[in-house]
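These notes are about the structure you will find just below.
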Amino acid sequence: MDKGGQPIIIVDPRKEQTKGKEVLSMNIAAAKAVASIVKSTLGPRGMDKMLINPIGDITITNDGATILHDMSIEHPAAKMVVEVAQSLESSAGDGTTSAVVFTGTLLEKAENLIDNGVHPTVIIKGYRLAAEKAVEIFESLAVSAGEDEKILFEAARTSITGKASEKYNSLISKLCVDAVLAVRERGKVDLKNVIIAKDIGGKTEDTEFVEGIIIDKVSLEKEFPLQIQHPNIALIDAPMETAKTANKAKLQISTVGEIEDFVKQEDAALFEMADYIIRAGANAVFCSKGMDDKVASYLQNRGIYATRRVKNEDMQHLADATGGRPVRNIKELTEKELGHAGLLEQDRDGDQGKTYLRDCKGAKSVSIVIRGGTEHVVDNVERAIDDALRVVKCVVEDGKVVAGGGASEIEVALELRSYASSIGGREQTAIRAFADALEEIPRTIARNAGLDTIDSIVNLRAKHTENKNAGLNVYTGAAEDMLEKGVVDPLRVKVNSVKAGSEAAVMVLRVDDMLRAQHSGMPDIKPEHMASTYDGMSAPALNMRR
Ligand code: ADP
Ligand code: MG
């Protein structure tokens, strides 16, 4: 082929190429680096990270997904590990840190095996066998939970232990169970129907669950009745005032009479708008735009609740919950567009306050009002609620949990080791490495709790000959039955963690050649993306923000 004695160039010289073992170690180092970032946060006694964004906002969290999401990680192999966290976050809402630690450890163990002469293909095969078997074992360990409110509560509490303030864990867990059960429909849970409202300035212990929806508005007239039974609700997505431009237009007015005429005309136009509402049979109006005070008092004198400048997302919630349809052209409003609820109730303090719509007729909607002294407190509670809601959803939908505190990982590791012996060959070393990687979860929980890791693991393994649910008591270091202690994780979290983690590890192990196009050849890369990252290499930035 090499006819003229000239070498054939098969790789564009403008591309940077890295090959073989070097690529693998580089990628493994990057994956391990990601795992090491979040490792210290794992478990109920994990530490927090302080994240500071470019404009100086501070978030203190120990939530793996939040940390990695805010770090804009750029190395391609590291990104694969971040994706494992994201996949857990979106599929189960929990278990992100564990999955990342597991993935990083799988790769670390693979590197040791490679150094000892095991070929990556053998490791890949062993990891795949182990992952399949591990899923089977996790499933065999699971206990039924779907309808059991006590277990749902325990799953919620386990997912937020060490996240929000301990003091409120029970309150938050209870609210989340109530909310999920309230919106459950034919075994499925759509969390869009759980509306989170925030009230900064209140007390966290007053955080509450409300059947129905809450709007941050009250009727424009102070004297309006606080309750309307069975309101018919009009949702208006248009201004209910005279157009501003009309006021600016030059008017040829010379006499007092003409001014009066003009005002009358304007009023007539305003009252006409209000009449459309009255004719449709509404007795409550939520307007997303401005509403002239005259319109409001005209309506309210006729017993119609009216409020203006309702946020777009609240309009959407109102539409979903009451079954009403927002109209853009007020003339089109008829009875058909109206929404319905059992009760409209105002909780007002002067011009401020909230309107509750209870027992709504549309999609089942419930709300959680988060209260707290400062924005940080409220945000932290919100993250905890977000996790707990999704964990309870998982358990309600799948109906299965496993013992937490490392109990299930220890058991799966033990059973995987005997499975490895039955497989034999070189793959068994990879299966054992996989088992070790799973044990890294209880090991890390122990380390983060300040316990001796070797003692803890030895204890747990010993206890497992008699109790498959023995996990770590993070305060005493003892091996205890986690089902009895009420420390449980959704089965889905464990299964997805094993699947996503092993797939990512395999993907990294399969790469033995990396070609990187030079930036000059990629005009869509902006200068800020050229920043040097891991290993001094640069890569196009992937914006990790959701
Ligand atoms: P992840 O992002 O993986 O969910 P967490 O920091 O939430 O990370 O830690 C989850 C781990 O902590 C799970 O293995 C869970 O079983 C364990 N865990 C939670 N609460 C307790 C507890 N009270 N005692 C022991 N382990 C616990
Ligand atoms: Mg968690």
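Predicted, not measured: the structure shown is a model, and the values here were computed from it. Residues take their numbers from the sequence shown, with the count starting at 1.
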Compare every heavy atom of [Y] with every heavy atom of [X], then report the nearest pair and how far apart it is.
X: Leu113; Y: Ala433; answer: CD1-CB, 4.0 Å
X: Val377; Y: Gly372; answer: CG1-CA, 4.2 Å
X: Pro231; Y: Leu344; answer: CG-CB, 3.8 Å
X: Arg443; Y: Ile457; answer: N-CD1, 3.8 Å
X: Arg157; Y: Gly486; answer: NH2-O, 3.6 Å
X: Leu88; Y: Val493; answer: CD1-O, 3.7 Å

No-hydrogen, no-angle side-chain donor-acceptor test under 3.5 Å, Thr355 and Tyr305: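 Checked: Thr355/Tyr305 side chains pair up, N/O donor to acceptor below 3.5 Å.
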Short side-chain donor-acceptor distance under 3.5 Å, Gln316 and Asn312: no
Are [X] and [Y] within salt-bridge range, i.e. N to O under 4.0 Å?
X: Glu154; Y: Lys485; result: no
X: Glu439; Y: Arg417; result: yes
X: Arg358; Y: Glu211; result: no
X: Asp190; Y: Lys393; result: no
X: Glu205; Y: Lys167; result: no
X: Lys198; Y: Glu375; result: no
X: Glu208; Y: Arg371; result: yes
X: Glu83; Y: Lys79; result: no

Crowding at [atom1], [X] (>12 non-hydrogen neighbours, <6.0 Å):
X: Gln227; atom1: CD; value: yes
X: Asp349; atom1: CG; value: no
X: Lys174; atom1: NZ; value: no
X: Lys125; atom1: NZ; value: no

Val401 side chain near Leu491 side chain, heavy-atom distance below 4.5 Å: no
Student check: side-chain heavy atoms of Val381 and Tyr168 closer than 4.5 Å: no
Audit row: Ile214, Ile195, side chain to side chain contact (heavy atoms under 4.5 Å, CB included) steps and yes/no: CA-CA 8 Å; Ile214 304 162; Ile195 299 154; over 6 Å; no
Name of the residue among Thr97, Asp48, Thr66 meeting side-chain contact (heavy atoms from CB on, under 4.5 Å) with Thr41: Thr97
Whether [X] side chain and [Y] backbone form a donor-acceptor pair below 3.5 Å:
X: Arg325; Y: Ala319; result: no
X: Arg390; Y: Glu89; result: yes
X: Asp387; Y: Asp94; result: no
X: Asp199; Y: Gly202; result: no
X: Asn459; Y: Ile454; result: no
X: Ser367; Y: Gly212; result: yes
X: Thr322; Y: Gly324; result: yes
X: His464; Y: Ala470; result: yes
X: Thr307; Y: Val218; result: yes
X: Thr158; Y: Val488; result: yes

Salt bridge (Lys or Arg N to Asp or Glu O under 4.0 Å) between Lys39 and Glu440, worked out: CA-CA 10 Å; Lys39 207 165 186 173; Glu440 191 61 23; 2.9 Å; yes
Rounded to the nearest 0.5 Å, what separates atom [atom1] in [X] from atom [atom2] in [Y]?
X: Ser40; Y: Arg447; atom1: OG; atom2: CZ; answer: 10.5 Å
X: Ile160; Y: Asn169; atom1: CD1; atom2: CG; answer: 4.0 Å
X: Cys394; Y: Asn496; atom1: SG; atom2: CG; answer: 7.5 Å
X: Ser173; Y: Phe153; atom1: OG; atom2: CZ; answer: 5.0 Å
X: Tyr356; Y: Ile213; atom1: OH; atom2: CD1; answer: 12.5 Å
X: His317; Y: Asp320; atom1: NE2; atom2: CG; answer: 7.0 Å

Ring pair (Phe, Tyr, Trp, His ring centres under 6.0 Å) partners of Phe102, counting only residues at least two apart: Phe434
Full working for side chain to side chain donor-acceptor pair (under 3.5 Å) between His376 and Thr374: CA-CA 5 Å; His376 279 159; Thr374 67; 5.3 Å; no
Evaluation steps, side chain to side chain contact (heavy atoms under 4.5 Å, CB included), between Ile151 and Leu483: CA-CA 9 Å; Ile151 299 186; Leu483 294 184; over 6 Å; no
His75/Asn27 under side chain to side chain contact (heavy atoms under 4.5 Å, CB included): CA gap, chis, key distance, verdict: CA-CA 8 Å; His75 186 284; Asn27 286 343; 3.2 Å; yes
Test applied, salt bridge (Lys or Arg N to Asp or Glu O under 4.0 Å); reference residue, Asp398; option that passes from Lys494, Arg492, Lys188: Arg492
CA sep, side-chain torsions, deciding dist, call: Arg348, Gln352, side chain to side chain donor-acceptor pair (under 3.5 Å): CA-CA 6 Å; Arg348 70 182 303 156; Gln352 310 266 319; over 6 Å; no
Side chain to side chain donor-acceptor pair (under 3.5 Å) between Arg432 and Ser421, worked out: CA-CA 9 Å; Arg432 283 177 209 283; Ser421 312; 3.2 Å; yes
For residues 104-112, please give each side-chain donor-acceptor pair under 3.5 Å, one per line with the distance, not counting sequence neighbours.
unit_1 : atom_1 : unit_2 : atom_2 : d
Thr105 : OG1    : Val101 : O      : 2.6
Glu111 : OE1    : Lys32  : NZ     : 3.3

Ile441 and Thr444: CA distance, side-chain angles, deciding distance, side chain to side chain contact (heavy atoms under 4.5 Å, CB included) verdict: CA-CA 5 Å; Ile441 304 304; Thr444 307; 5.9 Å; no
Residues in side-chain hydrogen bond (donor to acceptor under 3.5 Å, both in side chains) contact with Asn469, at least two apart in sequence or another chain: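 None.
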